**Student:** 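I am attaching a structure below and will ask some questions about it afterwards.
A quick note: this is a predicted structure, and the numbers were derived from the prediction, not measured. Below, chain A is the first sequence line, B the second, and so on; all start at residue 1. Basis for what follows: all heavy atoms, side chains included, without hydrogens, waters or symmetry-related copies.
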Number of protein chains: 2
Amino acid sequence: MRRTSLEGADCPIARSLDVIGDWWSLLIIRDAMLGVRRFGEFQKSLGVAKNILTTRLRTLVEHGILDTAPASDGSAYQEYVLTPKGRDLFPVLVALRQWGEEHCFEGGRGSTVLVDVERGRPVRKLELRSEDGRLLSPADTQVKKRGRSG
Amino acid sequence: MRRTSLEGADCPIARSLDVIGDWWSLLIIRDAMLGVRRFGEFQKSLGVAKNILTTRLRTLVEHGILDTAPASDGSAYQEYVLTPKGRDLFPVLVALRQWGEEHCFEGGRGSTVLVDVERGRPVRKLELRSEDGRLLSPADTQVKKRGRSG
DNA sequence: TCCAAGTGGTTGCATCATGCAACCGACACT
DNA sequence: AGTGTCGGTTGCATGATGCAACCACTTGGA
């Protein structure tokens, strides 16, 4: 991946992808959000090679998405926990999940749904709204520069 | 990328990433959503090598995210346009953009914002809500199996 | 009609990231 | 001391990525 070329890009999407845009990182974050904390748990859950997992965890820590902490079970090992920055990726994962559920399975629906724990009912679809509450489609939006003459 | 290992995964996130989880695809889709249609436009905008662009456009078409159409300017060339499936990736891009704006720039804010065209005001942050409208955090949600005993 | 430039690629080759498997030190349990 | 687990590191093979050169077709101009 030739990430370096866009590292300093203005586009926030490019910047985000530069951090979490690889195959494993988002799956690690997904697992972390489900409560996975230990190296071995990630490895078993993802089926990823250990060296790859090592480098991914390291870069996620460097980027401030995960943090290391002493193991909560008292053992001598450490755990990887999401930082607030990492937790803020929740909408990204939900958006990917909803798109995948709708478009990446045969019957048009996946075999799993995201539900609200309190009621056990499926969550709403993510939707973009204007400041005053109108539902926005791509055509209703525009990227605008801040600070400079735009 | 060892995508084949997870191609048949149950997880919709993994399936999504299998389709759009590489560095360039989402940037291509971003540009397409901004109105870019021609091969040369994508190439200039992204700065990507032409062979890479060729393969990415091809796989995006194969996956039903882009479609080819005769050029709208009457020339003999073709254009790449988003399908409905592709347009449904809008929330994914917005989520990535909002996260990037908040976490991937020095001052804590990016140099661009997504605005509502009609009013020119910044859009709301994406938020996940339950069926009855409550705001949901990761801890408030759970992945549930459908169809089978779960 | 011929040449030149633009468009949309393909091909060859180098390099880097990824993946697999083997190895390894620290700790745990007996 | 011996065996097993945890959390890695190292070496090596392979596949994806990137660059640059090349190519076919179209377009435009004289």
**Student:** Counting only side-chain heavy atoms from C-beta out, which of C:dG6, D:dC19, D:dG11 sits nearest to B:A49?
**Tutor:**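 Per side-chain heavy atoms of B:A49, the pick is D:dC19.
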**Student:** So is A:R38 actually on top of A:Y77's ring, under 6.0 Å and inside 45° of the axis?
**Tutor:**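 No - A:R38 does not lie over the ring of A:Y77 by the 6.0 Å and 45° rule.
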**Student:** Classify the side chain of B:Y80 and the base of C:dG8 as holding, or not holding, a donor-acceptor pair under 3.5 Å.
**Tutor:**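 For B:Y80, whose side chain was compared with the base of C:dG8, there is no donor-acceptor pair (under 3.5 Å).
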**Student:** Taking the nucleotide of DNA chain D with the closest heavy atom to each, which residue, B:T55 or B:K50, is nearer the 5' end?
**Tutor:**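 Whichever sits nearer the 5' end wins; that is B:T55.
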**Student:** Over how many whole Å does the gap from B:Q43 atom CD to C:dT10 atom P extend?
**Tutor:**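 Between P of C:dT10 and CD of B:Q43: 13 Å.
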**Student:** In whole angstroms, how far is the C1' atom of D:dG8 from the CZ atom of A:F42?
**Tutor:**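 In whole Å, D:dG8 C1' lies 15 Å from A:F42 CZ.
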**Student:** Classify the nucleic acid contact of A:Q78 as base, sugar-phosphate or nothing, counting any heavy atom under 4.0 Å across all strands shown.
**Tutor:**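 Sugar-phosphate only.
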**Student:** Any side-chain N or O of A:W23 under 4.0 Å from OP1/OP2 of D:dA16?
**Tutor:**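 So the side-chain polar atoms of A:W23 never come under 4.0 Å of the phosphate oxygens OP1 or OP2 of D:dA16.
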**Student:** Looking just at side-chain N and O atoms, do A:D67 and A:T83 make a donor-acceptor pair shorter than 3.5 Å?
**Tutor:**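 There is no such pair (donor and acceptor under 3.5 Å, judged by atom type) between the side chains of A:D67 and A:T83.
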**Student:** Hey, is the side chain of B:R37 poking within less than 4.0 Å of OP1 or OP2 on C:dG8, counting only N and O atoms?
**Tutor:**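 It does not, given that no N or O in the side chain of B:R37 lies less than 4.0 Å from OP1 or OP2 of C:dG8.
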**Student:** Do we see a donor-acceptor contact under 3.5 Å between the side chains of B:E79 and B:S72?
**Tutor:**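 Yes, a side-chain donor-acceptor pair sits under 3.5 Å.
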**Student:** If you assign each of B:L57 and A:A76 to its closest nucleotide in DNA chain C, which residue comes earlier from the 5' end?
**Tutor:**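 Taking each residue's closest nucleotide, the earlier one in sequence belongs to B:L57.
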**Student:** For the side chain of B:T54, counting heavy atoms from C-beta on, which of D:dT9, C:dG9, C:dC27 is nearest?
**Tutor:**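 Closest nucleotide to the B:T54 side chain: C:dG9.
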**Student:** In this structure, how many angstroms lie between the C1' atom of C:dG6 and the CZ atom of B:R38, rounded?
**Tutor:**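 Those two atoms, CZ and C1', are 10 Å apart.
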**Student:** Under 3.5 Å, is there a donor on one side chain and an acceptor on the other for A:T54 and A:N51?
**Tutor:**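 Short answer, no.
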**Student:** Taking only the side-chain heavy atoms of A:N51 (C-beta and beyond), determine which of C:dT10, C:dC20, D:dG18 contains the nearest atom.
**Tutor:**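 The answer is C:dC20, which lies nearest to the side chain.
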**Student:** Between CZ of B:R121 and OG of A:S130, what distance do you get to the nearest 0.5 Å?
**Tutor:**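 Answer for the CZ-OG pair, B:R121 versus A:S130, is 11.0 Å.
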**Student:** State which of D:dG18, C:dG19, D:dT26 makes the closest approach to the side chain of B:Y77.
**Tutor:**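 Nearest listed nucleotide: D:dT26.
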**Student:** Under 4.0 Å between a side-chain N or O of B:W24 and OP1 or OP2 of D:dT17?
**Tutor:**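 No, because none of the side-chain N or O atoms of B:W24 sits under 4.0 Å from OP1 or OP2 of D:dT17.
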**Student:** Rounded off to whole Å, could you give me the CZ-to-P distance for the B:F39 and D:dT26 pair?
**Tutor:**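 To the nearest whole Å, that distance equals 17 Å.
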**Student:** Taking the minimum atom-to-atom distance to the side chain of B:S75, which one of D:dA20, D:dT27, C:dC27 wins?
**Tutor:**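 Of the options given, the side chain of B:S75 lies nearest D:dT27.
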**Student:** Over how many whole Å does the gap from A:I52 atom CD1 to D:dA16 atom P extend?
**Tutor:**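 About 14 Å, once rounded to whole Å.
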**Student:** Rounded to whole Å, please give me the gap between CG in A:D22 and P in D:dA16.
**Tutor:**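 The answer, rounded to whole Å, is 16 Å.
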**Student:** Under 4.0 Å from OP1 or OP2 of C:dT18: is there any side-chain N or O of A:R56 that close?
**Tutor:**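 So the side-chain polar atoms of A:R56 do come within 4.0 Å of the phosphate oxygens OP1 or OP2 of C:dT18, strictly under.
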**Student:** State, with a plain yes or no, whether a side-chain heavy atom of B:R134 is found less than 4.5 Å away from one of B:D132.
**Tutor:**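 The answer is yes; the side chains approach within 4.5 Å.
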**Student:** Just how far, in rounded Å, is C1' of C:dT18 from CG of A:L53?
**Tutor:**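 Atom-to-atom, A:L53 to C:dT18, this comes out as 14 Å.
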**Student:** Figure out the CD/P separation between B:E79 and C:dG9, and round it to whole Å.
**Tutor:**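 Roughly 12 Å, once rounded to whole Å.
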